[in-house]
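By convention in this document, chain letters (A, B, ...) are assigned in the order of the sequence lines, proteins followed by strands, and residues within each chain are numbered from 1.
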Amino acid sequence: MAETEIHLQAAAPFDFWSTLQAHGWVDLLPNEYHPESNSFSRIEQLASGKVVRMGVSAEQGDEIIPLNVLVNHGGRLSSKDRSEIEDVVRHMLRLDEDLSEFYRLCRQNGFPWSQMKPGKGRLLRSPGLFEDMVKVICTTNVQWGGTRRMVRELVEQFGEPLPLYPELKAFPRAQTIAALTFDEFQSRVRLGYRAAYIYQLARVFGEKSNCYAQFFNQQTPTEEIKKELLAIKGIGNYAAASILMLLGRYDEIPVDSVFQQLMRQKYFHQEDFDLKEALAVYENWGRWKYLAYWFDLLTFHQAAEDEGTSV
DNA sequence: TTCCAGGGGTAGA
DNA sequence: TCTACCCATGGA
């Protein structure tokens with residue numbers, strides 16, 4: 001396969017490692033984390049239909065952090081392809097997000113947030129909304145191992161293969177799933193009751209790939225996006241909060257078993273609690289609640305790990 | 001075997 | 001708005 005290097009720059013502060021590790025997305029196909037080189041790779045199907053493998057790594061830097069993207073591809077990589085790959089990396093790593101207000105609040109709010117080094121707090125996302133929405137639905141009411149299995153089966157069954165390495169596949173396009181009958185889709189991937197939700201979502205995106213373009217418009221109020229998300233079958237409060245986070249809006253907390261466990265262990269002395277009281281813990285974080293909660297969770301787990309106790 | 005997981009839909013109050 | 005019940009699937 002041909003190989004092309006693409007160079008990008010992230011403006012400081014930017015912490016590549018914590019962006020990859022902040023939540024589990026780097027472990028869901030077609031992403032793959034490579035601990036030995038602290039890099040990740042991804043099989044991506046470009047708009048032209050061409051399937052490529054991209055390996056992304058970062059170097060050290062003070063004001064500018066150089067990012068290297070090694071692209072393996074068949075044939076020639078057009079300038080349009082290159083520019084699309086740059087956009088994919090930029091979007092996945094959220095290079096255009098400004099978290100300076102969040103960092104300022106972290107300094108004001110004391111421990112543990114005062115430990116939050118600028119450059120952290122970015123959470124990896126997928127290049128496209130369809131993939132992120134499907135993956136969020138695959139996290140509902142299932143353990144993480146189940147999420148990984150469901151996503152893996154989706155990629156293996158319906159993803160477009162990389163030339164010469166057909167075992168490596170891109171995330172399926174919505175149109176590919178929408179072209180199947182529901183019975184066939186359901187029989188090829190064990191998604192449980194989520195199959196109907198994901199199939200319906202694929203039909204909506206398959207019909208019009210930018211069906212939720214307004215979600216990316218900064219002028220659209222978060223409340224409006226949340227309302228539209230909740231109208232989608234399979235997406236409730238937890239999934240809507242998670243998708244909002246992936247859209248770069250941190251106003252909502254995803255209430256799930258992880259959140260409830262943290263509340264019981266850290267704030268409510270191992271006892272049951274009122275949800276409103278629990279959510280009030282992060283009330284003064286305004287539009288940064290999700291990040292405040294998530295960093296609280298990560299540092300709590302880290303502290304338990306350092307002490308040798310499990311949570 | 002039973003329980004439940006990075007929940008959500010629906011019906012009925 | 002709140003609650004009870006059901007929903008596939010697989011790991012613990």
- Task: Report the C-alpha distance between A:Met150 and A:Arg194 in whole Å, list the side-chain angles of each, state the deciding distance to 0.1 Å, and finish with yes or no for side-chain contact (heavy atoms from CB on, under 4.5 Å).
- Result: CA-CA 10 Å; A:Met150 288 188 273; A:Arg194 302 167 198 81; 3.9 Å; yes
Hey, what's the ring geometry for [X] with [Y], parallel, tilted or perpendicular (30° and 60° as the breaks)?
X	Y	answer
A:Trp288	A:Tyr250	parallel
A:Phe259	A:Tyr293	perpendicular
A:Tyr193	A:Tyr197	perpendicular

- Verify the distance criterion only: is there a donor paired with an acceptor across the side chains of A:Glu59 and A:Asn68 at less than 3.5 Å?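 A:Glu59 vs A:Asn68: donor-acceptor pair found between side chains.
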- Query: Taking atom types as modelled and ignoring hydrogens, do the side chains of A:Asn72 and A:Tyr165 form a donor-acceptor contact shorter than 3.5 angstrom?
  - Reply: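 On atom types as modelled, these side chains do not qualify, holding no pair under 3.5 Å.
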- Spell out protein contact along nucleotides 7-13 of chain B as letters: B when the base is contacted, S when just the sugar-phosphate is, - when no protein heavy atom is under 4.0 Å; keep the 5' to 3' order. BSSS---
Just distance, no hydrogens or angles: give the donor-acceptor pairs under 3.5 Å from side chains in residues 171-178 of chain A, sequence neighbours left out.
from	atom 1	to	atom 2	distance (Å)
A:Arg173	NE	A:Gln45	OE1	3.4
A:Arg173	NH2	A:Leu46	O	2.9

Quickly work out the [X] [atom1] to [N] [atom2] distance and round it to whole Å.
X	N	atom1	atom2	value
A:Tyr199	C:dA8	OH	P	18 Å
A:Met263	B:dG6	CE	P	16 Å
A:Arg125	B:dG6	CZ	P	25 Å
A:Trp144	C:dA12	CH2	P	16 Å
A:Leu191	C:dC7	CG	C1'	14 Å
A:Trp25	B:dG6	CH2	P	13 Å
A:Met245	B:dG6	CE	P	15 Å
A:Arg152	C:dG10	CZ	P	11 Å

- Query: When rounded to the nearest 0.5 angstrom, what is the spacing between OG in A:Ser257 and CD in A:Gln260?
  - Reply: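 The OG atom of A:Ser257 sits 7.5 Å away from the CD atom of A:Gln260.
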- Message: Using atom P in both nucleotides, what's the gap between B:dA11 and C:dA8 to the nearest angstrom?
- Response: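 Those two atoms are separated by 15 Å.
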- Message: With rounding to the closest Å, how many angstrom separate the P atoms on B:dG6 and C:dC2?
- Response: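 Those two atoms are separated by 25 Å.
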- Message: Please confirm whether the ring centroid of A:Tyr282 lies under 6.0 Å from the ring centroid of A:Tyr290.
- Response: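 They do not qualify: ring centres at least 6.0 Å apart.
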Dump the pairs, protein N or O against N or O of nucleotides 1-3 of chain C, anything under 3.5 Å, distances to one decimal.
none

- Message: Quick check for you: among C:dG10, B:dG6, C:dA8, whose closest atom lies nearest to any side-chain atom of A:Arg149?
- Response: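 Out of C:dG10, B:dG6, C:dA8, the nucleotide with an atom closest to A:Arg149's side chain is C:dG10.
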